[in-house]
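For the numbers below, each heavy atom of this structure counts, side chains included, while hydrogens, waters and symmetry mates do not. Positions are given from 1 along the sequence.
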Amino acid sequence: MNGTDGARAAVIGRAVKSRRLRQGMSLRALADLSGLSVGYLSKVENGQRLLNRTSHITAVADALRVTPSELLTWSLPVSVRAGAAHEAVPAIRLLLMGLPLDPPGSDRPTDPVPEVMLAGRVREANRLYHAAAYDELAAGLPVLLDDLQQAAADATGPARERLLRLLADTYHPACALLLKALGYVDLAWMAVTRAAGVIAALDDPVRTASSGFFHAHILLAAGSPDQALARAQLSADQLQPHLGRGPAAQALLGELHLISSSALTQLGRRTGRGADDVLAHLAEAERLAAGTGESTAWHLNFGPANVGIHHVSLNAALGLHPEAVEAGQRVQPEQVATAGRRAVLHADLARSYAHLPRHHDQAVQHLLSAETAAPQRIHADAVARDTAAHLLGRSRDAAARRALTGLARRMSLTV
């Protein structure tokens, strides 16, 4: 191993050992659950072997009941951790706990903000999330949530219902998925729980199904694909009688099929089963996307492009890297509506190209494209950081090496 790989091996090894010991699991038990040998895992934990094969990473992550991203998230440098987005999290936490944002006697205006202004701010918050402008979104999110809660509490009748819908639309995706992206899965769960309470007051079965989608999303991030799948399937069943309400309901059903395919992919890595079910969910999502086209219902982005991105992501997650690259060739990045989703597409393609012989330069180009699309998302993304670290010293093209070195420094990786 070179110096960079040695440093990665040491940090990832400590992470594996720490998680194993916290769960009271012996090395033999981890070996049995992951299908890897005790000797290999011992070398991984001692920093003598680098855990870099996708199949091995996913096997260990599944055995420890964490996501691969969590397993690869070594202690981020201060330059990555201490952005404005993280600085806003304590205020968001207070609001999710039901505590006031401002202490008594604060001179912040207490009059309710007009509904039309709040609606515009909600749209902008969700736009910032999809643009992966996390710093700007997080900085304004606490006051937006507080203003919405105050306005809804003071309103009655149809105006209150409209404000509750705006509050739900802020909790997800802007609040819940932002917190997930920043690594605060527990707070993301609090956000979707808060949203569920708001939606319950609306007595809208389609909205209730949307709540189930976001619950499944966070359960998947928390490393519980079985519960995520159950929640997604329950929501899909609840939604079926209401598909006549139009394209928004059909787009939501498509999203539920996509999250189900992701959950089954994680479960399949543990059990070796479910490939046919994954393909069935993807096919149904594809059918629905053909009818909805590119949709922004529920402040999400469902459509043919997003289904194509899932084909790439799921193949990459399974270590089927040639298949991921082939699926990527069917997705045109310019058709992907948001910067965040384009970054995901390029990052997953970079991950797969990095595991194909003589394709490291293509991996570097896709990493750079991911950074161009959404730098805040990519700089702190565990899988993208691991791909960059894996490629350091492996690219043959001088220009690609220089570009990768610059990216690694912007990620605060050791070069």
Exercise for the section: Quick one: do D204 and R245 satisfy salt bridge (charged side-chain N to carboxylate O under 4.0 Å, His left out)? Show the steps, please. Expected result: CA-CA 12 Å; D204 181 338; R245 286 177 52 172; 3.1 Å; yes

Here the gap from Q362 atom CD to L367 atom CG, rounded to the nearest 0.5 Å, amounts to 12.5 Å

In short, L282 meets S261 closest at the heavy-atom pair CD2-OG, 3.8 Å

If only atom types and distance count, is the side chain of N46 paired as donor or acceptor with the main-chain N or O of Q48 below 3.5 Å? no

Hey, are R341 and N306 close enough side-chain-wise for a donor-acceptor pair under 3.5 Å?
-> yes

Tested for side chain to side chain contact (heavy atoms under 4.5 Å, CB included) against H172, the lone hit among L300, N126, I199 is I199

Taking R14's backbone N and O only, do any of them form a donor-acceptor pair with S18's side chain (distance below 3.5 Å, no angle check)?
no

- prompt: Between E124 and R121, is there a side-chain N and carboxylate O pair less than 4.0 Å apart?
  reply: no

So CG of L239 and CG of L243: to nearest 0.5 Å the spacing works out to 5.0 Å

Exercise for review: Look only at the side chain of E161 and the backbone of L202, and say whether a donor-acceptor pair between them is shorter than 3.5 Å.
Suggested key: no

Side chains of D386 and I12 in contact at under 4.5 Å (non-hydrogen atoms)
yes

Distance col, row L167:CG vs R162:CZ, nearest 0.5 angstrom, shows 15.0 Å

| field | R20 with E45: basic N within carboxylate O range, under 4.0 Å | value | yes

Heavy-atom side-chain proximity of Y40 to H56 below 4.5 angstrom: yes

query: Is the backbone of H215 close enough, under 3.5 Å, to the side chain of H217 for a donor and an acceptor to pair up by distance?
result: no

Does R165, at its CZ atom, have more than 12 non-hydrogen atoms belonging to other residues, nucleotides or ligands within less than 6.0 Å? yes

(Q) Please tell me whether H130 and H299 form a close aromatic pair, meaning their ring centres lie under 6.0 Å apart. (A) no

What one should report as the nearest heavy-atom pair of V192 and A176 is CG1-CB, 3.7 Å

Item to check | L99 side chain reached by R93 side chain, heavy atoms, under 4.5 Å | outcome: no

(request) Verify side chain to side chain contact (heavy atoms under 4.5 Å, CB included) between R351 and H390, making sure each step is shown before the conclusion. (result) CA-CA 9 Å; R351 177 183 178 185; H390 172 77; over 6 Å; no

Correct closest heavy-atom pair for V331 and I309 would be CG2-N, 4.1 Å

(Q) Would you call the rings of Y353 and H366 parallel, tilted or perpendicular, taking 30° and 60° as the class edges? (A) parallel

| Would you say the side-chain atoms of Y184 and H86 include a donor-acceptor pair closer than 3.5 Å? | yes

Check: Does Q365 offer a backbone N or O that forms a donor-acceptor pair with the side chain of S369 under 3.5 Å?
Finding: yes

With the side chain counted from C-beta on, respond yes when E286 and P304 share a heavy-atom pair under 4.5 Å apart, and no when they do not.
no

Q: Decide, yes or no, whether a salt bridge links R401 with D361 under the criterion of side-chain N to carboxylate O below 4.0 Å.
A: no

Tightest non-hydrogen contact, residues S352 and A324, listed as OG-CB, 3.3 Å

- prompt: Do N315 and H321 meet the criterion of a side-chain donor-acceptor pair at a distance under 3.5 Å?
  reply: no

When rounded to the nearest 0.5 Å, the distance separating OG1 of T372 from CZ of R342 is 10.5 Å

Rounded to the nearest 0.5 Å, the CG atom of L41 sits from the CG atom of L36 at a distance of 5.0 Å

Q) With side chains defined as the heavy atoms from C-beta onward, is the minimum distance between L144 and L118 less than 4.5 Å? A) yes

Practice item. Answer yes or no: is there a donor N or O on one side and an acceptor on the other, between the side chain of S224 and the main chain of D226, under 3.5 Å? Key: no

**Message:** Salt bridge check, D169 against R207: does any charged N sit closer than 4.0 Å to a carboxylate O?
**Reply:** yes

Checklist line | Under 3.5 Å: donor-acceptor pair, side chain of R28, backbone of V38 | finding: no

Between the main-chain N or O of L219 and the side-chain N or O of W189, is there a donor-acceptor pair closer than 3.5 Å? no

Could you check whether any side-chain heavy atom of S295 comes within less than 4.5 Å of a side-chain heavy atom of N301, counting everything from C-beta outward? no

>> Does any part of the side chain of L128, heavy atoms only, come nearer than 4.5 Å to the side chain of Y134, both counted from C-beta?
In response: no

Would a distance-only check, ignoring hydrogens and angles, find a side-chain to backbone donor-acceptor pair under 3.5 Å from R194 to Y171?
no

**Prompt:** Can you check whether V312 reaches V325 side chain to side chain, under 4.5 Å on heavy atoms?
**Reply:** no

Heavy atoms of S210 and L252 approach each other most closely as N-CD2, 3.6 Å

N/O donor-acceptor pair under 3.5 Å between T387 side chain and V383 backbone = yes

Distance col, row E255:CD vs S260:OG, nearest 0.5 angstrom, shows 11.0 Å

Taking every heavy atom of F213 against every heavy atom of S235, the minimum-distance pair comes out as N-OG, 4.2 Å

